[in-house]
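Treat the numbers as computed from the prediction; the structure is a model and nothing was measured.
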Amino acid sequence: MNRNYLFLFLFSLVMSISGLASLPPIDRDESRFVQATKQMVETGDYIDIRFQDVSRYKKPIGIYWLQSAAVALSGEGAAAPIWVYRLVSMLGIALAVLGIGWTGTKLFGANAGLAAGLMMAAIFATAFEGRDAKTDAMLLACCVAAQGAMAQVYLASRRNEPVAGHLPWIFWFAQGVGILIKGPVAPLLSLLTAAALFAFERDWRWLLKLKLVRGVALVLLIVLPWVAFIGWKSGGAFFQEAVGKDMLNKVASGEESHGLPPGFYMLTYSLFMWPFGLIAVGAGLQALNRVRDDFRLRFCLAWYIPFWLVFELIPTKLPHYVLPAYPGMALLIGWVLTLSPQDANAPLKRWQQWLWWSTAFGLVVVSLGLAAVCVGAPIYITHSFSWWSIPAAASALGAGYLAFSRQLQVPLPRIGATAACAGITYALLFGVIAPSLKPMWLSPAIRQAVLANQACDTTVLASARYQEPSLVFLVGTKTVLTDVGGVAEHLLADPACALGLAPIGDEQKLNGMLSVRGKSVNRVAEIDGLNYSSGDKLSLGLYRVAQ
(Lines give C-alpha, C1' and ligand atoms only; values in the text may rest on other atoms or scores of the structure.)
Protein backbone atom coordinates (compact mmCIF):
# COMPACT_ATOMS: atom_id res chain seq x y z
CA MET A 1 0.00 0.00 0.00
CA ASN A 2 2.77 2.46 0.94
CA ARG A 3 4.48 1.57 -2.33
CA ASN A 4 1.31 2.57 -4.17
CA TYR A 5 1.42 6.01 -2.56
CA LEU A 6 5.07 6.49 -3.48
CA PHE A 7 4.41 5.29 -7.01
CA LEU A 8 1.46 7.67 -7.49
CA PHE A 9 3.45 10.63 -6.18
CA LEU A 10 6.42 9.92 -8.45
CA PHE A 11 4.17 9.07 -11.42
CA SER A 12 2.46 12.45 -11.07
CA LEU A 13 5.79 14.29 -10.99
CA VAL A 14 6.90 12.49 -14.14
CA MET A 15 3.60 13.35 -15.81
CA SER A 16 4.11 17.09 -15.14
CA ILE A 17 7.84 17.66 -15.53
CA SER A 18 8.07 17.88 -19.33
CA GLY A 19 7.52 21.45 -20.44
CA LEU A 20 8.02 22.89 -16.97
CA ALA A 21 11.11 24.77 -18.14
CA SER A 22 10.75 24.77 -21.92
CA LEU A 23 7.21 26.20 -22.06
CA PRO A 24 7.43 30.03 -21.92
CA PRO A 25 5.28 32.04 -19.48
CA ILE A 26 1.63 31.70 -20.45
CA ASP A 27 -0.37 34.89 -20.78
CA ARG A 28 -2.18 36.22 -18.99
CA ASP A 29 -3.05 34.84 -15.56
CA GLU A 30 0.12 32.85 -15.00
CA SER A 31 2.31 35.82 -15.87
CA ARG A 32 0.40 38.08 -13.48
CA PHE A 33 0.81 35.57 -10.64
CA VAL A 34 4.53 35.03 -11.14
CA GLN A 35 5.24 38.73 -11.65
CA ALA A 36 3.44 39.59 -8.41
CA THR A 37 5.55 36.97 -6.62
CA LYS A 38 8.69 38.28 -8.29
CA GLN A 39 7.94 41.76 -6.97
CA MET A 40 7.55 40.37 -3.46
CA VAL A 41 11.04 38.89 -3.76
CA GLU A 42 12.41 42.16 -5.18
CA THR A 43 10.86 44.39 -2.50
CA GLY A 44 10.83 42.06 0.50
CA ASP A 45 7.14 42.91 1.04
CA TYR A 46 5.35 39.58 1.51
CA ILE A 47 2.03 41.05 2.66
CA ASP A 48 0.89 43.30 -0.18
CA ILE A 49 0.18 41.91 -3.67
CA ARG A 50 1.04 44.09 -6.66
CA PHE A 51 1.55 43.90 -10.41
CA GLN A 52 3.97 46.74 -11.10
CA ASP A 53 2.34 49.72 -9.34
CA VAL A 54 -1.21 48.34 -9.41
CA SER A 55 -2.69 46.38 -6.51
CA ARG A 56 -3.65 42.77 -7.31
CA TYR A 57 -6.31 41.85 -4.79
CA LYS A 58 -8.27 39.18 -6.68
CA LYS A 59 -6.84 36.23 -4.72
CA PRO A 60 -5.39 35.77 -1.20
CA ILE A 61 -1.70 35.47 -0.41
CA GLY A 62 -1.17 31.69 -0.21
CA ILE A 63 0.09 30.92 -3.70
CA TYR A 64 2.47 33.91 -3.64
CA TRP A 65 4.02 32.70 -0.40
CA LEU A 66 4.49 29.21 -1.78
CA GLN A 67 6.04 30.52 -4.99
CA SER A 68 8.26 32.85 -2.97
CA ALA A 69 9.45 29.85 -0.96
CA ALA A 70 10.27 28.01 -4.19
CA VAL A 71 12.25 31.03 -5.40
CA ALA A 72 14.12 31.24 -2.09
CA LEU A 73 14.99 27.54 -2.20
CA SER A 74 16.22 27.86 -5.79
CA GLY A 75 18.81 30.46 -4.75
CA GLU A 76 18.05 32.42 -7.93
CA GLY A 77 16.29 35.35 -6.28
CA ALA A 78 14.23 37.65 -8.49
CA ALA A 79 16.03 36.27 -11.55
CA ALA A 80 14.49 32.81 -11.03
CA PRO A 81 13.17 31.33 -14.29
CA ILE A 82 9.54 30.38 -14.81
CA TRP A 83 10.05 26.70 -13.97
CA VAL A 84 10.87 27.57 -10.36
CA TYR A 85 7.43 29.11 -9.90
CA ARG A 86 5.78 26.16 -11.62
CA LEU A 87 7.30 23.71 -9.15
CA VAL A 88 4.53 24.69 -6.71
CA SER A 89 1.85 23.63 -9.19
CA MET A 90 3.65 20.40 -10.03
CA LEU A 91 3.85 19.60 -6.32
CA GLY A 92 0.18 20.55 -5.87
CA ILE A 93 -0.96 18.04 -8.48
CA ALA A 94 1.32 15.36 -7.04
CA LEU A 95 -0.12 15.93 -3.54
CA ALA A 96 -3.65 15.82 -4.95
CA VAL A 97 -2.94 12.53 -6.72
CA LEU A 98 -1.42 11.14 -3.52
CA GLY A 99 -4.49 12.30 -1.60
CA ILE A 100 -6.87 10.62 -4.04
CA GLY A 101 -4.87 7.40 -3.79
CA TRP A 102 -5.08 7.63 0.02
CA THR A 103 -8.83 8.33 -0.01
CA GLY A 104 -9.61 5.63 -2.58
CA THR A 105 -7.61 3.09 -0.63
CA LYS A 106 -9.45 3.89 2.61
CA LEU A 107 -12.88 3.77 0.93
CA PHE A 108 -12.55 0.93 -1.59
CA GLY A 109 -9.15 -0.78 -1.25
CA ALA A 110 -5.61 -0.52 -2.57
CA ASN A 111 -6.35 -1.21 -6.26
CA ALA A 112 -9.20 1.29 -6.24
CA GLY A 113 -6.92 3.95 -4.77
CA LEU A 114 -4.26 3.20 -7.36
CA ALA A 115 -6.76 3.43 -10.22
CA ALA A 116 -8.21 6.71 -8.95
CA GLY A 117 -4.76 8.21 -8.53
CA LEU A 118 -3.66 7.17 -12.01
CA MET A 119 -6.77 8.75 -13.49
CA MET A 120 -6.24 12.08 -11.67
CA ALA A 121 -2.57 12.20 -12.68
CA ALA A 122 -3.37 11.65 -16.34
CA ILE A 123 -6.38 13.82 -17.22
CA PHE A 124 -5.84 16.88 -19.39
CA ALA A 125 -6.97 19.30 -16.66
CA THR A 126 -4.28 18.25 -14.18
CA ALA A 127 -1.67 17.92 -16.93
CA PHE A 128 -2.21 21.58 -17.82
CA GLU A 129 -2.59 22.94 -14.29
CA GLY A 130 0.54 21.12 -13.16
CA ARG A 131 2.51 23.21 -15.65
CA ASP A 132 0.77 26.53 -14.94
CA ALA A 133 2.00 28.68 -12.04
CA LYS A 134 -1.42 29.67 -10.67
CA THR A 135 -3.63 28.74 -7.73
CA ASP A 136 -5.59 25.79 -9.06
CA ALA A 137 -3.15 22.90 -8.63
CA MET A 138 -2.44 23.66 -4.97
CA LEU A 139 -6.12 24.41 -4.37
CA LEU A 140 -6.90 20.93 -5.70
CA ALA A 141 -4.44 19.43 -3.20
CA CYS A 142 -6.19 21.27 -0.35
CA CYS A 143 -9.63 20.19 -1.54
CA VAL A 144 -8.58 16.55 -1.84
CA ALA A 145 -6.96 16.55 1.61
CA ALA A 146 -10.07 18.08 3.21
CA GLN A 147 -12.53 15.87 1.35
CA GLY A 148 -10.44 12.75 1.90
CA ALA A 149 -10.35 13.36 5.65
CA MET A 150 -14.08 14.13 5.72
CA ALA A 151 -14.84 10.97 3.74
CA GLN A 152 -13.03 8.85 6.31
CA VAL A 153 -14.83 10.57 9.20
CA TYR A 154 -18.12 9.92 7.43
CA LEU A 155 -17.16 6.30 6.75
CA ALA A 156 -16.21 5.67 10.39
CA SER A 157 -19.46 7.24 11.55
CA ARG A 158 -21.58 5.08 9.27
CA ARG A 159 -19.75 1.97 10.45
CA ASN A 160 -19.93 3.01 14.11
CA GLU A 161 -16.15 2.94 14.32
CA PRO A 162 -13.89 5.39 16.18
CA VAL A 163 -12.57 8.33 14.16
CA ALA A 164 -8.78 8.52 13.84
CA GLY A 165 -7.60 11.55 15.80
CA HIS A 166 -5.58 13.06 12.95
CA LEU A 167 -8.46 13.23 10.44
CA PRO A 168 -10.27 16.34 11.78
CA TRP A 169 -6.97 18.22 11.96
CA ILE A 170 -6.14 17.33 8.36
CA PHE A 171 -9.61 18.54 7.34
CA TRP A 172 -9.36 21.90 9.06
CA PHE A 173 -5.71 22.54 8.20
CA ALA A 174 -6.53 21.91 4.53
CA GLN A 175 -9.48 24.30 4.79
CA GLY A 176 -7.31 27.05 6.26
CA VAL A 177 -4.59 26.69 3.64
CA GLY A 178 -7.25 26.41 0.92
CA ILE A 179 -8.75 29.75 2.02
CA LEU A 180 -5.32 31.38 1.83
CA ILE A 181 -4.91 29.90 -1.66
CA LYS A 182 -8.27 30.77 -3.23
CA GLY A 183 -10.76 32.07 -0.72
CA PRO A 184 -14.00 30.15 -0.12
CA VAL A 185 -13.68 27.40 -2.77
CA ALA A 186 -12.46 24.57 -0.50
CA PRO A 187 -15.03 25.31 2.26
CA LEU A 188 -17.75 25.59 -0.40
CA LEU A 189 -16.92 22.14 -1.75
CA SER A 190 -17.13 20.56 1.70
CA LEU A 191 -20.32 22.43 2.61
CA LEU A 192 -22.02 21.33 -0.60
CA THR A 193 -20.93 17.73 0.00
CA ALA A 194 -22.25 17.76 3.58
CA ALA A 195 -25.49 19.48 2.48
CA ALA A 196 -26.12 16.86 -0.21
CA LEU A 197 -25.52 14.03 2.26
CA PHE A 198 -27.87 15.64 4.76
CA ALA A 199 -30.55 16.08 2.09
CA PHE A 200 -30.32 12.38 1.30
CA GLU A 201 -29.94 10.96 4.82
CA ARG A 202 -31.38 13.65 7.14
CA ASP A 203 -28.48 13.10 9.52
CA TRP A 204 -25.90 15.72 10.44
CA ARG A 205 -24.56 14.29 13.71
CA TRP A 206 -21.53 12.73 12.07
CA LEU A 207 -20.25 16.26 11.35
CA LEU A 208 -19.71 16.76 15.09
CA LYS A 209 -16.84 14.27 14.87
CA LEU A 210 -14.93 16.86 12.84
CA LYS A 211 -14.36 18.82 16.11
CA LEU A 212 -16.03 21.95 14.76
CA VAL A 213 -15.07 24.48 17.46
CA ARG A 214 -11.38 23.57 17.62
CA GLY A 215 -11.31 23.19 13.85
CA VAL A 216 -12.71 26.64 13.17
CA ALA A 217 -10.22 28.03 15.69
CA LEU A 218 -7.38 26.42 13.70
CA VAL A 219 -8.70 27.92 10.44
CA LEU A 220 -8.87 31.37 12.03
CA LEU A 221 -5.34 30.96 13.38
CA ILE A 222 -4.12 30.21 9.84
CA VAL A 223 -6.10 32.89 8.02
CA LEU A 224 -6.62 35.87 10.33
CA PRO A 225 -3.02 37.15 10.72
CA TRP A 226 -2.59 37.90 7.02
CA VAL A 227 -6.19 39.11 6.69
CA ALA A 228 -5.55 41.62 9.47
CA PHE A 229 -2.25 42.77 7.95
CA ILE A 230 -3.61 43.18 4.41
CA GLY A 231 -6.72 44.92 5.71
CA TRP A 232 -4.57 47.40 7.55
CA LYS A 233 -2.02 47.85 4.77
CA SER A 234 -4.58 48.26 1.97
CA GLY A 235 -6.95 50.38 3.99
CA GLY A 236 -9.72 47.86 3.34
CA ALA A 237 -9.14 47.91 -0.43
CA PHE A 238 -8.36 44.19 -0.48
CA PHE A 239 -11.84 43.27 0.74
CA GLN A 240 -13.53 45.69 -1.65
CA GLU A 241 -11.61 44.22 -4.59
CA ALA A 242 -11.52 40.51 -3.67
CA VAL A 243 -15.04 40.20 -2.26
CA GLY A 244 -16.97 43.25 -3.44
CA LYS A 245 -15.77 43.08 -7.04
CA ASP A 246 -14.01 39.84 -8.00
CA MET A 247 -16.09 37.22 -6.18
CA LEU A 248 -19.50 38.91 -6.39
CA ASN A 249 -19.00 39.81 -10.06
CA LYS A 250 -18.27 36.18 -10.87
CA VAL A 251 -21.50 35.12 -9.19
CA ALA A 252 -23.70 37.93 -10.51
CA SER A 253 -22.38 38.31 -14.06
CA GLY A 254 -19.78 36.99 -16.49
CA GLU A 255 -16.51 38.62 -15.41
CA GLU A 256 -13.72 39.49 -17.87
CA SER A 257 -15.62 38.20 -20.93
CA HIS A 258 -15.95 34.75 -19.33
CA GLY A 259 -19.76 34.81 -19.05
CA LEU A 260 -21.26 31.61 -20.47
CA PRO A 261 -24.61 29.83 -20.15
CA PRO A 262 -25.22 26.61 -18.17
CA GLY A 263 -23.94 23.53 -19.96
CA PHE A 264 -20.42 24.82 -20.58
CA TYR A 265 -18.79 22.30 -18.24
CA MET A 266 -20.79 19.47 -19.76
CA LEU A 267 -19.61 20.46 -23.25
CA THR A 268 -15.96 20.77 -22.18
CA TYR A 269 -16.01 17.67 -19.95
CA SER A 270 -14.59 15.34 -22.61
CA LEU A 271 -11.54 17.58 -23.09
CA PHE A 272 -10.64 18.31 -19.50
CA MET A 273 -11.35 14.75 -18.32
CA TRP A 274 -9.58 13.27 -21.35
CA PRO A 275 -8.87 10.40 -21.73
CA PHE A 276 -10.84 9.12 -18.71
CA GLY A 277 -14.10 10.97 -19.21
CA LEU A 278 -15.97 7.99 -20.67
CA ILE A 279 -14.72 5.54 -18.03
CA ALA A 280 -15.67 8.02 -15.30
CA VAL A 281 -19.16 8.54 -16.72
CA GLY A 282 -19.76 4.79 -16.87
CA ALA A 283 -18.63 4.40 -13.25
CA GLY A 284 -20.71 7.39 -12.18
CA LEU A 285 -23.88 6.03 -13.81
CA GLN A 286 -23.44 2.64 -12.15
CA ALA A 287 -22.88 4.39 -8.81
CA LEU A 288 -26.02 6.46 -9.35
CA ASN A 289 -28.02 3.26 -9.78
CA ARG A 290 -26.67 1.92 -6.47
CA VAL A 291 -26.57 5.14 -4.45
CA ARG A 292 -29.17 3.89 -1.92
CA ASP A 293 -27.21 0.73 -1.23
CA ASP A 294 -23.74 2.09 -0.43
CA PHE A 295 -23.01 5.22 1.61
CA ARG A 296 -19.51 5.42 0.12
CA LEU A 297 -21.08 6.04 -3.29
CA ARG A 298 -23.27 8.73 -1.77
CA PHE A 299 -20.20 10.56 -0.58
CA CYS A 300 -18.47 10.40 -3.99
CA LEU A 301 -21.56 11.61 -5.84
CA ALA A 302 -22.13 14.33 -3.23
CA TRP A 303 -18.55 15.42 -3.85
CA TYR A 304 -19.08 15.80 -7.60
CA ILE A 305 -22.67 16.64 -8.49
CA PRO A 306 -23.57 19.66 -6.26
CA PHE A 307 -20.28 21.46 -6.90
CA TRP A 308 -20.62 20.92 -10.65
CA LEU A 309 -24.23 22.14 -10.65
CA VAL A 310 -23.41 25.30 -8.68
CA PHE A 311 -20.63 26.27 -11.08
CA GLU A 312 -22.84 25.54 -14.08
CA LEU A 313 -25.25 28.15 -12.68
CA ILE A 314 -22.60 30.80 -11.92
CA PRO A 315 -22.29 33.04 -15.02
CA THR A 316 -18.49 33.33 -14.96
CA LYS A 317 -17.03 30.08 -16.30
CA LEU A 318 -13.49 28.87 -16.82
CA PRO A 319 -12.60 25.19 -17.34
CA HIS A 320 -10.50 24.87 -14.17
CA TYR A 321 -13.30 26.07 -11.87
CA VAL A 322 -14.79 22.55 -11.61
CA LEU A 323 -11.44 20.79 -11.17
CA PRO A 324 -12.03 20.21 -7.39
CA ALA A 325 -15.07 18.07 -8.28
CA TYR A 326 -13.22 15.64 -10.56
CA PRO A 327 -11.72 13.50 -7.76
CA GLY A 328 -15.23 12.37 -6.83
CA MET A 329 -15.49 10.72 -10.25
CA ALA A 330 -11.98 9.30 -10.02
CA LEU A 331 -12.90 7.45 -6.84
CA LEU A 332 -15.83 5.80 -8.62
CA ILE A 333 -13.51 4.43 -11.31
CA GLY A 334 -11.68 2.67 -8.48
CA TRP A 335 -14.94 1.50 -6.91
CA VAL A 336 -16.03 -0.28 -10.10
CA LEU A 337 -12.90 -2.44 -9.88
CA THR A 338 -14.20 -3.91 -6.61
CA LEU A 339 -17.36 -5.31 -8.25
CA SER A 340 -17.85 -8.61 -9.97
CA PRO A 341 -17.82 -8.27 -13.79
CA GLN A 342 -21.55 -9.04 -13.89
CA ASP A 343 -22.41 -6.31 -11.37
CA ALA A 344 -19.96 -3.78 -12.80
CA ASN A 345 -21.36 -4.11 -16.31
CA ALA A 346 -25.05 -4.24 -15.42
CA PRO A 347 -27.23 -2.67 -18.12
CA LEU A 348 -27.80 1.08 -17.95
CA LYS A 349 -31.13 2.84 -18.27
CA ARG A 350 -32.05 4.30 -21.64
CA TRP A 351 -31.19 7.91 -20.74
CA GLN A 352 -27.93 6.71 -19.23
CA GLN A 353 -27.07 4.91 -22.44
CA TRP A 354 -27.62 8.15 -24.36
CA LEU A 355 -25.34 9.99 -21.96
CA TRP A 356 -22.71 7.26 -22.24
CA TRP A 357 -22.75 7.34 -26.06
CA SER A 358 -22.62 11.14 -26.09
CA THR A 359 -19.52 10.99 -23.87
CA ALA A 360 -18.05 8.30 -26.14
CA PHE A 361 -18.53 10.67 -29.08
CA GLY A 362 -16.75 13.36 -27.07
CA LEU A 363 -13.84 11.01 -26.38
CA VAL A 364 -13.44 10.27 -30.09
CA VAL A 365 -13.64 13.96 -31.05
CA VAL A 366 -11.10 15.05 -28.43
CA SER A 367 -8.68 12.22 -29.23
CA LEU A 368 -8.78 13.04 -32.94
CA GLY A 369 -8.59 16.75 -32.15
CA LEU A 370 -5.50 16.41 -29.96
CA ALA A 371 -3.82 14.27 -32.61
CA ALA A 372 -4.69 16.90 -35.23
CA VAL A 373 -3.29 19.70 -33.05
CA CYS A 374 -0.04 17.79 -32.53
CA VAL A 375 0.40 17.47 -36.29
CA GLY A 376 -1.26 20.63 -37.55
CA ALA A 377 -0.09 23.31 -35.09
CA PRO A 378 3.58 23.30 -36.23
CA ILE A 379 2.50 23.31 -39.87
CA TYR A 380 0.02 26.16 -39.41
CA ILE A 381 2.09 28.36 -37.10
CA THR A 382 5.70 27.69 -38.16
CA HIS A 383 5.01 26.38 -41.71
CA SER A 384 7.13 23.34 -40.99
CA PHE A 385 6.53 19.71 -40.04
CA SER A 386 7.70 18.40 -36.69
CA TRP A 387 8.67 14.74 -36.53
CA TRP A 388 7.71 14.80 -32.86
CA SER A 389 4.14 15.20 -34.04
CA ILE A 390 3.99 11.55 -35.12
CA PRO A 391 4.58 9.90 -31.72
CA ALA A 392 2.51 12.61 -30.03
CA ALA A 393 -0.48 12.01 -32.30
CA ALA A 394 -0.04 8.23 -32.07
CA SER A 395 -0.03 8.31 -28.27
CA ALA A 396 -3.13 10.54 -28.23
CA LEU A 397 -4.97 8.10 -30.48
CA GLY A 398 -3.67 5.20 -28.38
CA ALA A 399 -4.99 6.77 -25.18
CA GLY A 400 -8.36 7.35 -26.83
CA TYR A 401 -8.50 3.79 -28.11
CA LEU A 402 -7.65 2.28 -24.73
CA ALA A 403 -10.16 4.52 -22.96
CA PHE A 404 -12.99 3.53 -25.33
CA SER A 405 -14.16 0.42 -23.53
CA ARG A 406 -17.64 -1.03 -24.00
CA GLN A 407 -17.24 -2.63 -20.58
CA LEU A 408 -17.86 -0.25 -17.68
CA GLN A 409 -15.32 -2.12 -15.55
CA VAL A 410 -11.91 -1.31 -16.99
CA PRO A 411 -9.04 -3.48 -15.65
CA LEU A 412 -6.27 -1.75 -13.71
CA PRO A 413 -3.53 -2.59 -16.28
CA ARG A 414 -5.61 -0.96 -19.02
CA ILE A 415 -6.13 2.13 -16.85
CA GLY A 416 -2.36 2.27 -16.36
CA ALA A 417 -1.69 1.90 -20.09
CA THR A 418 -4.20 4.64 -20.87
CA ALA A 419 -2.53 6.95 -18.36
CA ALA A 420 0.90 6.19 -19.81
CA CYS A 421 -0.25 6.99 -23.37
CA ALA A 422 -1.79 10.24 -22.15
CA GLY A 423 1.46 11.08 -20.35
CA ILE A 424 3.48 10.62 -23.55
CA THR A 425 1.04 12.92 -25.35
CA TYR A 426 1.41 15.65 -22.72
CA ALA A 427 5.20 15.30 -22.58
CA LEU A 428 5.53 15.85 -26.31
CA LEU A 429 2.73 18.41 -26.67
CA PHE A 430 3.71 20.65 -23.74
CA GLY A 431 7.43 19.86 -23.60
CA VAL A 432 8.42 19.79 -27.26
CA ILE A 433 5.73 20.84 -29.73
CA ALA A 434 4.26 23.90 -27.96
CA PRO A 435 7.66 25.46 -27.11
CA SER A 436 8.71 25.04 -30.76
CA LEU A 437 5.86 27.27 -31.96
CA LYS A 438 8.15 30.32 -31.84
CA PRO A 439 5.78 32.84 -33.52
CA MET A 440 3.38 32.36 -30.58
CA TRP A 441 5.96 33.32 -27.98
CA LEU A 442 6.58 37.01 -28.59
CA SER A 443 7.75 37.91 -25.08
CA PRO A 444 10.79 35.56 -25.05
CA ALA A 445 11.79 36.85 -28.51
CA ILE A 446 11.48 40.46 -27.31
CA ARG A 447 13.56 39.63 -24.24
CA GLN A 448 16.36 38.22 -26.41
CA ALA A 449 16.27 41.31 -28.61
CA VAL A 450 16.44 43.60 -25.56
CA LEU A 451 19.38 41.69 -24.07
CA ALA A 452 21.22 41.87 -27.41
CA ASN A 453 20.68 45.61 -27.84
CA GLN A 454 20.65 47.17 -24.37
CA ALA A 455 23.30 49.88 -24.08
CA CYS A 456 23.27 50.11 -20.28
CA ASP A 457 22.68 47.86 -17.31
CA THR A 458 19.86 50.22 -16.37
CA THR A 459 18.09 50.00 -19.75
CA VAL A 460 14.30 50.01 -19.42
CA LEU A 461 11.89 49.03 -22.21
CA ALA A 462 8.68 50.88 -23.06
CA SER A 463 6.21 48.89 -25.15
CA ALA A 464 3.26 50.10 -27.22
CA ARG A 465 0.47 47.85 -28.52
CA TYR A 466 2.05 44.69 -27.10
CA GLN A 467 1.25 44.89 -23.39
CA GLU A 468 1.23 41.30 -22.13
CA PRO A 469 2.10 40.54 -18.49
CA SER A 470 4.72 37.99 -19.62
CA LEU A 471 6.74 40.88 -21.09
CA VAL A 472 6.99 42.48 -17.64
CA PHE A 473 8.05 39.18 -16.04
CA LEU A 474 10.72 38.42 -18.65
CA VAL A 475 12.10 41.90 -19.40
CA GLY A 476 11.78 43.52 -15.98
CA THR A 477 9.38 44.98 -13.45
CA LYS A 478 10.16 48.54 -14.62
CA THR A 479 8.98 47.76 -18.16
CA VAL A 480 6.57 50.50 -19.27
CA LEU A 481 3.33 49.40 -20.93
CA THR A 482 2.11 52.42 -22.84
CA ASP A 483 1.14 53.81 -26.26
CA VAL A 484 3.31 55.19 -29.08
CA GLY A 485 3.35 58.62 -27.45
CA GLY A 486 4.54 57.05 -24.22
CA VAL A 487 7.33 55.21 -26.07
CA ALA A 488 8.48 58.52 -27.59
CA GLU A 489 8.54 60.22 -24.17
CA HIS A 490 10.41 57.26 -22.70
CA LEU A 491 13.09 57.37 -25.39
CA LEU A 492 13.53 61.13 -25.05
CA ALA A 493 13.81 60.92 -21.26
CA ASP A 494 16.84 58.60 -21.47
CA PRO A 495 18.20 58.75 -25.03
CA ALA A 496 21.46 56.98 -24.18
CA CYS A 497 19.95 53.86 -22.59
CA ALA A 498 16.21 53.57 -23.20
CA LEU A 499 14.63 51.11 -25.64
CA GLY A 500 11.16 51.29 -27.17
CA LEU A 501 8.92 48.67 -28.73
CA ALA A 502 6.18 49.62 -31.16
CA PRO A 503 4.44 48.27 -34.28
CA ILE A 504 6.57 48.87 -37.37
CA GLY A 505 3.52 50.49 -38.93
CA ASP A 506 3.83 53.24 -36.28
CA GLU A 507 7.52 53.91 -36.96
CA GLN A 508 6.83 57.07 -38.97
CA LYS A 509 4.53 58.34 -36.24
CA LEU A 510 7.22 57.63 -33.62
CA ASN A 511 9.85 59.49 -35.66
CA GLY A 512 7.49 62.42 -36.03
CA MET A 513 7.10 62.70 -32.27
CA LEU A 514 10.87 62.64 -31.76
CA SER A 515 11.60 65.08 -34.60
CA VAL A 516 10.23 68.03 -32.59
CA ARG A 517 13.23 67.51 -30.31
CA GLY A 518 15.60 67.03 -33.23
CA LYS A 519 15.79 63.27 -32.67
CA SER A 520 14.97 60.13 -34.64
CA VAL A 521 14.97 56.40 -33.97
CA ASN A 522 16.96 53.48 -35.24
CA ARG A 523 15.19 50.14 -35.57
CA VAL A 524 17.66 47.70 -34.03
CA ALA A 525 15.51 44.56 -34.17
CA GLU A 526 12.27 43.28 -35.67
CA ILE A 527 9.99 40.72 -34.00
CA ASP A 528 7.16 39.15 -35.94
CA GLY A 529 4.62 36.78 -34.47
CA LEU A 530 1.17 36.08 -33.14
CA ASN A 531 -0.17 37.38 -29.85
CA TYR A 532 -2.28 34.31 -29.13
CA SER A 533 -3.93 36.01 -26.14
CA SER A 534 -5.63 38.52 -28.42
CA GLY A 535 -5.33 36.76 -31.78
CA ASP A 536 -3.39 39.69 -33.29
CA LYS A 537 -0.60 39.18 -35.80
CA LEU A 538 2.11 41.69 -34.92
CA SER A 539 5.21 43.04 -36.56
CA LEU A 540 7.09 44.92 -33.85
CA GLY A 541 10.21 47.04 -34.02
CA LEU A 542 12.71 47.55 -31.23
CA TYR A 543 13.96 51.14 -31.27
CA ARG A 544 16.60 53.32 -29.71
CA VAL A 545 17.37 56.99 -30.22
CA ALA A 546 19.75 57.55 -33.13
CA GLN A 547 23.02 58.95 -31.83
Side-chain angles (χ1 to χ4, degrees), residues 8-9 11-34 37 58-59 62-64 66-67 70 82-100 116-147 174 177-178 181-183 185-186 189 258 264-265 268-277 280 304 307-308 311 317-330 366 370 419 422-423 425-427 429-431 434 470:
L8 286 173
F9 185 80
F11 180 78
S12 181
L13 294 179
V14 170
M15 291 287 284
S16 299
I17 197 167
S18 178
L20 213 66
S22 59
L23 196 65
I26 300 170
D27 289 309
R28 295 173 175 150
D29 274 357
E30 179 184 50
S31 296
R32 291 182 179 127
F33 275 106
V34 297
T37 301
K58 292 180 179 293
K59 301 291 183 292
I63 198 65
Y64 304 102
L66 292 172
Q67 290 178 353
I82 187 66
W83 65 265
V84 172
Y85 298 82
R86 288 172 174 164
L87 287 175
V88 176
S89 293
M90 182 175 74
L91 177 62
I93 295 299
L95 291 174
V97 168
L98 180 63
I100 280 297
L118 287 170
M119 176 265 189
M120 281 304 297
I123 60 173
F124 187 89
T126 53
F128 182 82
E129 294 300 337
R131 295 169 167 85
D132 195 14
K134 299 197 282 80
T135 55
D136 300 285
M138 195 55 73
L139 172 68
L140 179 65
C142 294
C143 289
V144 168
Q147 292 287 101
V177 176
I181 296 289
K182 205 169 183 177
V185 177
L189 175 62
H258 298 312
F264 170 77
Y265 295 117
T268 56
Y269 170 87
S270 290
L271 172 60
F272 291 96
M273 281 283 279
W274 185 86
F276 286 100
Y304 181 82
F307 192 84
W308 168 69
F311 278 83
K317 290 180 173 65
L318 286 170
H320 58 262
Y321 283 0
V322 293
L323 181 59
Y326 289 163
M329 297 290 277
V366 172
L370 284 173
T425 305
Y426 304 140
L429 178 61
F430 293 122
S470 59

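The side chain to side chain contact (heavy atoms under 4.5 Å, CB included) test applied to L98 returns Y5, F9, not counting sequence neighbours. With sequence neighbours excluded, no residue satisfies side-chain hydrogen bond (donor to acceptor under 3.5 Å, both in side chains) with S270. Not counting sequence neighbours, Y426 has no partner by the side-chain hydrogen bond (donor to acceptor under 3.5 Å, both in side chains) test. A search for ring pair (Phe, Tyr, Trp, His ring centres under 6.0 Å) contacts involving F276 returns nothing, not counting sequence neighbours. Residues passing the side chain to side chain contact (heavy atoms under 4.5 Å, CB included) test with A133 are E30, V34, Q67, Y85, R86, sequence neighbours excluded. Scanning for side-chain hydrogen bond (donor to acceptor under 3.5 Å, both in side chains) contacts around S89 gives an empty result, with sequence neighbours left out. For W83, there are no side-chain hydrogen bond (donor to acceptor under 3.5 Å, both in side chains) partners at least two apart in sequence or on another chain. Every residue two or more places apart in sequence or in another chain was checked for a ring pair (Phe, Tyr, Trp, His ring centres under 6.0 Å) with Y269, and none qualifies. Scanning for side chain to side chain contact (heavy atoms under 4.5 Å, CB included) contacts around L8 gives V97, L114, L118, with sequence neighbours left out. A125 meets the side chain to side chain contact (heavy atoms under 4.5 Å, CB included) test with I123, F272, L323, Y326; sequence neighbours excluded. Scanning for ring pair (Phe, Tyr, Trp, His ring centres under 6.0 Å) contacts around F128 gives an empty result, with sequence neighbours left out.
Taking every heavy atom of both residues into account, P324 and L140 meet most closely at CA-CD1, 3.9 Å. Between G117 and I100, the shortest heavy-atom contact is N-CG2, 3.8 Å. Minimum interatomic distance between M90 and S16 (heavy atoms only, all atoms of both residues): CG-CB, 3.6 Å. V88 and A70 make their closest contact through CG2-CB, 4.0 Å (heavy atoms, listed as atom of the first residue, atom of the second, distance). Of all heavy-atom pairs spanning C142 and A174, the tightest one is O-CB, 3.4 Å. Contact detail for G92 and A141: the closest heavy-atom pair is O-CB, 3.4 Å.
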Inset, instruction - Check the pair M273 / M119 against side chain to side chain contact (heavy atoms under 4.5 Å, CB included), numbers first and verdict last. - result: CA-CA 9 Å; M273 281 283 279; M119 176 265 189; 3.0 Å; yes
Legend entry - Chi angles and distances behind the side chain to side chain contact (heavy atoms under 4.5 Å, CB included) call for D136, K182: CA-CA 8 Å; D136 300 285; K182 205 169 183 177; 2.7 Å; yes
Can you give each donor-acceptor pair under 3.5 Å made by side-chain atoms of residues 17-25, sequence neighbours left out, with the distance rounded to 0.1 Å?
{"from": "S18", "atom 1": "OG", "to": "A427", "atom 2": "O", "distance (Å)": "2.8"}
{"from": "S22", "atom 1": "OG", "to": "G431", "atom 2": "O", "distance (Å)": "3.0"}

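With values rounded to the nearest 0.5 angstrom, K58 atom NZ is found 12.5 Å from T135 atom OG1. If you take SG on C143 and CE on M138, they are separated by 12.0 Å, rounding to the nearest 0.5 Å.
Residues I82 and I26 are not in side-chain contact: their nearest non-hydrogen atoms beyond the backbone lie 4.5 Å or more apart.
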